[in-house]
Amino acid sequence: MNRIQFSYYSSTKQLTSCYKKLFSSLQNLKSLNPSFQVLSAETPSNPYPHVNHNKSLTIEGTSYKLDDQTNVSPSILSKLSRNLHLQPHHPLYILRTQIEQHFPHFSYFNTLNPIVTVQKNFDDLGFPKDHPGRSKTDSYYINEQIMLRTHTSAHQLEIFSKMNKKFLISGDVYRRDEIDSSHYPIFHQMEGAQIFNMQNIEQEISEDKKYLISLNSTISSQKTPLRDNNEVNDDTIISSNNPIQSCHPIEQVNYVIQHLKFSLNSLIKKLFINHDENLKIRWIDAYFPFTSPSWEMEIFFKGKWLEICGCGIVEQDVLNKAGQNDKIGWAFGLGLERIAMVLFDIPDIRLFWSHDERFLNQFTNFNDNKIIKFQPFSKFPPCIKDISFWLNDQDFHENNFCEIIRDIAEDLVEDVKLVSFS
Ligand code: FA5
Ligand code: MG
């Protein structure tokens with residue numbers, strides 16, 4: 001007989017109806033299988049201390065009103081403070097700092113609050129009201145107006161408005177998603193953007209490109225040169241399906257497109273400089289409400305194309321709203337876990353959240369010239385057993401004992417240490 005007991009704390013109407021559905025489907029199970037017993041539907045003492053009876057939620061000192069739109073769960077909220085991209089030696093921290101080195105004169109924003117207004121996350125960026133990403137099944141809402149950001153683009157307008165011409169924003173983003181080895185409801189993105197003066201574009205871009213090329217030749221002159229056999233496949237063509245914005249002169253926008261593609265291709269080649277396989281990169285057309293034209297960048301990994309980035313030419317409307325009417329520029333959003341999984345050979349996205357030293361300690365000696373490949377370890381915690389015995393044989397050798405253990409336990413035993421011999 002399966003005993004299922006579940007705890008529930010009622011705080012919003014929405015949770016109540018969820019619970020009712022769950023309860024009735026369990027009752028249905030019971031009717032299908034009489035041995036199945038639903039024991040209780042209790043309301044225990046408040047297991048979510050941040051939810052109070054006045055239907056509000058306090059997160060890091062700020063109180064938020066709850067309403068019918070609320071769907072954040074305690075387990076998601078508990079991840080808000082992890083900041084994996086800020087934990088030294090964490091693979092996401094290593095990757096973030098490596099990308100920042102490729103964009104050395106940019107401003108970096110790594111601690112922007114993931115709790116944003118719906119306005120910032122969607123409306124400011126031109127998402128239509130009926131865009132599927134807005135739905136409660138896809139995004140986490142604290143209430144009708146406040147949500148967990150679904151992408152780092154949520155901060156674009158705010159940072160452009162502060163007159164920043166080039167910046168990187170890294171942070172955790174939240175999407176309701178399935179859970180498996182490549183999906184997790186929280187992942188990390190890095191937003192990059194650079195804008196140029198429309199009047200002076202040729203000069204600004206060529207100076208900047210010279211700089212990027214010199215940055216790459218510094219890498220080439222190092223022990224391991226930047227390999228040229230990395231293949232970049234770009235068959236994209238500008239068409240009415242993925243158009244240049246009518247307000248953008250063709251010549252100017254072409255400079256910006258080239259600059260964007262050069263910046264990203266050289267970044268990915270640099271990151272994978274020590275990677276053992278030849279890297280294949282491809283560009284494909286895409287759509288985002290806040291860029292046009294738009295593309296996605298994919299890399300070939302384990303026999304499949306893996307999407308690592310979305311990007312494009314910033315919608316002029318976004319720059320105009322930010323008071324940057326005389327500028328033109330590009331933006332991108334990189335998926336950090338996707339790149340780190342390939343770079344470090346991490347097979348499961350859930351490992352990034354591990355507290356296990358056996359995961360975290362693997363990255364402490366990272367240096368740019370040496371790739372660290374993740375070494376798999378057991379899902380179960382390590383278990384240490386001591387064993388003592390008497391033996392008459394004066395010729396005993398430790399290796400004989402290890403041999404016996406290897407015969408019996410094979411690879412289950414990872415390490416055998418002699419503690420004392422007397
Ligand atoms: C965006 O989020 C856009 N904001 C990107 C962008 C920025 C476009 C600036 C234009 C200008 P997208 O949903 O495709 O786009 O996500 C961007 C990247 O995040 C993806 O390419 C992928 O690498 C990563 N990503 C997306 N969903 C997941 C997921 N469920 N798990 C892990 N990584 C993901
Ligand atoms: Mg995408």
Side-chain angles (χ1 to χ4, degrees), residues 76 79 84-85 91-92 95-96 99 112 114 116 120-122 124-127 131-134 137-140 148-160 166-195 242 245 256-257 260-261 263-264 267-268 271 281-299 301 304-319 329-343 346-353:
I76 289 293
K79 302 281 198 308
L84 300 181
H85 63 298
L92 296 176
L95 179 59
R96 173 181 65 77
I99 302 175
L112 297 174
V116 297
K120 269 184 159 184
N121 197 81
F122 291 128
D124 286 348
L125 295 168
F127 278 79
H131 191 281
R134 289 184 185 252
T137 53
D138 285 27
S139 298
Y140 287 105
L148 301 182
R149 65 184 166 209
T150 60
H151 54 174
T152 41
S153 305
H155 303 284
Q156 256 192 34
L157 179 58
E158 164 195 356
I159 306 296
F160 280 135
K166 36 190 179 182
F167 57 83
L168 296 177
I169 304 166
S170 303
D172 36 345
V173 301
Y174 298 76
R175 294 183 192 177
R176 296 189 73 193
D177 215 332
E178 58 207 279
I179 297 194
D180 64 24
S181 62
S182 62
H183 292 88
Y184 198 70
I186 315 168
F187 58 96
H188 293 74
Q189 283 187 342
M190 185 187 272
E191 191 85 0
Q194 180 161 9
I195 51 174
N242 193 15
Q245 297 165 48
V256 185
I257 293 174
L260 165 67
K261 291 190 172 176
S263 305
L264 281 173
L267 167 72
I268 300 301
L271 289 176
I281 301 172
R282 80 173 179 193
W283 287 77
I284 53 174
D285 286 308
Y287 168 78
F288 300 101
F290 43 96
T291 51
S292 189
S294 307
W295 301 277
E296 275 171 351
M297 201 185 186
E298 299 186 331
I299 56 176
F301 176 61
K304 279 201 306 216
W305 287 102
L306 183 74
E307 183 199 317
I308 53 163
C309 172
C311 61
I313 304 301
V314 182
E315 275 289 343
Q316 203 57 34
D317 195 38
V318 174
L319 289 179
W330 53 250
F332 64 70
L334 288 162
L336 293 184
E337 276 85 348
R338 293 268 172 92
I339 301 174
M341 283 170 85
V342 180
L343 211 52
I346 297 172
D348 192 320
I349 198 164
R350 292 167 282 209
L351 278 164
F352 290 102
W353 296 90

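Order of appearance sets the numbers: ligands from 1, and atoms from 1 within every ligand.
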| task | Select one of side chain, backbone, both or neither to describe which atoms of Ile308 lie under 4.0 Å from any atom of ligand 1, heavy atoms only. | result | backbone
| field | Pair Asp348 + Arg350, salt bridge at N-O below 4.0 Å | value | yes
| Got Gln156 and Val318 here, is their nearest side-chain heavy-atom distance under 4.5 Å? | yes
| request: Determine whether the side chain, the backbone, both or neither of Ala286 has a heavy atom under 4.0 Å from any heavy atom of ligand 1. | output: neither
| Hey, mind stepping through Ser153 and Glu191 against side chain to side chain donor-acceptor pair (under 3.5 Å) and telling me if it holds? | CA-CA 6 Å; Ser153 305; Glu191 191 85 0; 2.7 Å; yes
| Sorted by chain and residue number, which protein N/O/S atoms are under 2.8 Å from the Mg ion (ligand 2)? | Glu296 OE2, Glu307 OE2
| field | Short N or O distance, Thr150 and ligand 1, threshold 3.5 Å exclusive | value | no
| Any Trp330 heavy atom less than 4.0 Å to ligand 1 | no
| Where on Glu337 is there a heavy atom closer than 4.0 Å to ligand 1, on the side chain, on the backbone, on both, or on neither? | neither
| task | Check each heavy atom of Phe332 against ligand 1 and say whether those closer than 4.0 Å belong to the side chain, the backbone, both or neither. | result | backbone
| Does Gln156 have a non-hydrogen atom less than 4.0 Å from ligand 1? | yes
| Who are the ring-ring contact (aromatic ring centres under 6.0 Å, His included) partners of Phe352, not counting sequence neighbours? | none
| atom 30 (N) of ligand 1: nearest protein contact (heavy atom, Å) | Asp177 OD2, 3.3 Å
| field | Backbone N/O of Pro185 and side chain of Asp177: donor-acceptor pair under 3.5 Å | value | no
| field | Residues forming a ring-ring contact (aromatic ring centres under 6.0 Å, His included) with Phe288, sequence neighbours excluded | value | Phe290
| Options Pro185, Gly312, Gly310, ranked by nearest heavy atom to atom 6 (C) of ligand 1, top entry | Gly310
| field | Residue, atom name and distance, where the atom is the protein heavy atom closest to atom 24 (C) of ligand 1 | value | Gly335 CA, 3.6 Å
| said: Using heavy atoms and a 4.0 Å limit, tell me yes or no: is Arg175 in contact with ligand 1? | reply: yes
| task | Report the part of Arg338 (side chain from C-beta onward, or backbone N, CA, C, O) that has a heavy atom under 4.0 Å from ligand 1; answer both or neither where that applies. | result | side chain
| task | Only heavy atoms count here, so choose which of Tyr184, Phe288, Phe187 is nearest to atom 25 (N) of ligand 1. | result | Phe187
| Going by the angle between their ring planes, with limits at 30° and 60°, are His151 and Phe122 parallel, tilted or perpendicular? | tilted
| Identity and separation of the nearest protein heavy atom to atom 20 (C) of ligand 1 | Glu307 OE2, 3.1 Å
| task | Among all protein heavy atoms, pick the one closest to atom 9 (C) of ligand 1 and tell me residue, atom and distance. | result | Glu191 OE2, 3.3 Å
| At their closest point, which heavy atom of Leu92 faces which heavy atom of Glu337, and how far apart are they? | CD1-OE2, 3.6 Å
| task | For Thr291, take its heavy atoms, then give the atoms of ligand 1 lying under 4.0 Å from any of them. | result | 10 (C), 11 (C)
| note | Of all heavy-atom pairs linking Met297 and Ile268, the shortest is CE-CG1, 3.7 Å
| Backbone or side-chain N or O of Gly333 under 3.5 Å from ligand 1 N or O | no
| Which ligand 1 atoms are under 4.0 Å away from a heavy-atom of Glu296? | 14 (O)
| What are the two closest heavy atoms between Leu334 and Cys309, and how far apart are they? | CD2-CB, 3.7 Å
| field | Residue portion contacting ligand 1 (non-hydrogen atoms closer than 4.0 Å) for Val173 | value | neither
| request: Kindly give the heavy-atom pair with the smallest separation between Val116 and Asn121, and that separation in Å. | output: CG2-CB, 4.0 Å
| task | If you have a sec, work out which protein heavy atom is nearest atom 16 (O) of ligand 1 and how many Å separate them, to one decimal? | result | Gln189 NE2, 3.3 Å
| field | Carboxylate-amine/guanidinium proximity below 4.0 Å for Lys120 and Glu158 | value | yes
| task | Could you list the residues that satisfy ring-ring contact (aromatic ring centres under 6.0 Å, His included) with His155, not counting sequence neighbours? | result | none
| Nearest heavy-atom neighbours spanning Arg176 and Thr137 | CB-O, 3.2 Å
| query | Are side-chain heavy atoms of Phe187 and Tyr174 found at a separation under 4.5 Å? | reply | no
| query | Non-hydrogen atoms of Ser294 versus ligand 1: any pair closer than 4.0 Å? | reply | no
| request: Using modelled atom types only, decide if a donor and an acceptor are shared between the side chain of Arg175 and the backbone of Tyr184 within a distance under 3.5 Å. | output: no
| request: Decide whether a cation-pi geometry holds between Lys261 and Trp330; the criteria are a distance under 6.0 Å from NZ or CZ to the six-membered ring centre and an angle within 45° of the ring axis. | output: no
| query | Looking at atom 4 (N) of ligand 1, what's its closest protein heavy atom, distance included? | reply | Ser153 OG, 2.8 Å
